[in-house]
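These figures come from a predicted structure and were not determined experimentally. Values below: all heavy atoms of this structure, side chains included; hydrogens, waters and symmetry mates excluded. Each ligand, and each atom within it, is numbered from 1 in the order the structure gives.
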Amino acid sequence: MATYVYGHTIPDSDSIVGAIALSYLKNKIGEECIPATQGKLNPESEFILNKFGVQAPELKTEYAGCDVYLVDHSDLAQSPDDIKKANILGIVDHHKLGDITTSTPLECWIRPVGCSNTIIKQMFDYHGVEIPADIAGIMLCAILSDTIIFKSPTCTKEDTKAARELANIADVSDLKELGMEMFNVKSAVRGATPRELTTRDFKDFTMGSMKIGIGQLEVVDLTIIDEIKQDLFDDIKKLKSEGRDAVLLLLTDIMQEGSQVLVATDDIAKFESAFDTKFDNNEAWIPGCMSRKKQVVPPLEKVFN
Ligand code: MG
Ligand code: MG
Ligand code: MG
């Protein structure tokens with residue numbers, strides 16, 4: 001039986017591309033693997049796969065009895081509901097260590113870099129397997145996406161090195177131009193419902209006894225959000241009422257390098273203390289804030305755990 005490789009729920013480009021790239025590598029070294037996704041692709045991921053002519057992973061939400069590799073997460077809340085009935089062969093990730101455990105030894109590549117695909121590039125190098133141009137192209141895009149074109153504080157020298165090498169293979173000469181092309185697709189809000197926007201990149205976290213949802217929208221210009229901001233606010237209040245204690249939405253301006261943070265909560269003081277920022281009507285601009293994993297989750301955990 002083949003092994004499945006999948007990324008987190010509400011997959012982003014790192015999860016989609018990671019499943020494809022890691023499956024390719026595993027197949028090359030003699031492990032039959034199938035790339036999968038737990039959900040449908042976002043517009044950015046569709047753009048990336050189209051651009052380099054790569055097929056989307058298979059949509060699959062049930063994994064009981066399957067052998068699996070996980071990419072871009074190690075949290076139960078971001079894996080399938082039946083993950084405890086699957087056999088986890090390995091994890092490739094760049095987040096804080098989550099709460100997934102295994103009953104047998106596993107292959108684990110967890111490193112503090114800006115993108116899971118940087119680690120997968122290092123796995124290709126480790127195994128001496130050549131990366132085809134189309135897969136190099138999508139891996140490069142995943143790195144540009146996760147590191148916000150190298151501007152995120154999560155970006156390391158290893159990410160820029162991997163991106164340069166992948167760009168060579170994929171014959172991409174202007175990384176910034178490719179990055180901006182991608183983020184323009186990502187910024188498209190017209191025609192999308194508030195729910196599509198608030199949950200386009202959304203993760204639930206358990207912090208102490210609290211369930212906190214955190215969404216992020218990365219745009220090239222925040223003013224395009226202005227006229228729909230109230231709708232987004234109303235929607236995160238709804239998301240809160242659907243079984244969460246609080247919901248945050250980070251509206252990240254990738255050019256100004258900061259985030260307008262909206263919070264649906266009954267206790268804004270906790271968030272003011274976490275971010276050391278005064279909120280006005282549950283809303284604040286936090287300069288320099290671009291990374292959920294590095295600048296938002298850790299201060300919240302400090303306050304709620
Ligand atoms: Mg991700
Ligand atoms: Mg990632
Ligand atoms: Mg991200």
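- Both cation-pi conditions hold for Lys237 and Phe233: the charged atom is under 6.0 angstrom from the six-membered ring centre and inside a 45 degree cone around its axis.
- Metal site remark for the Mg ion (ligand 2): His95 contributes no N, O or S atom at a distance under 2.8 Å.
- Between Arg292 and Asp201 there is a salt bridge, since at least one side-chain N of the basic residue sits less than 4.0 Å from a carboxylate O of the acidic one.
- At least one test fails for Lys60 against the ring of Tyr6: distance under 6.0 Å to the centre or angle within 45° of the axis.
- The N, O or S atom of Asp14 with the smallest distance to the Mg ion (ligand 2) is OD2.
- The pair Asp267-Lys270 counts as a salt bridge, with a side-chain nitrogen and a carboxylate oxygen less than 4.0 angstrom apart.
- Taking 2.8 Å as the threshold, Asp12 counts as a candidate ligand of the Mg ion (ligand 1), since one of its N, O or S atoms lies below it.
- Geometry at the Mg ion (ligand 2): OD2/Asp146 and OD1/Asp72 form an angle of 170°, nearest 10 degrees.
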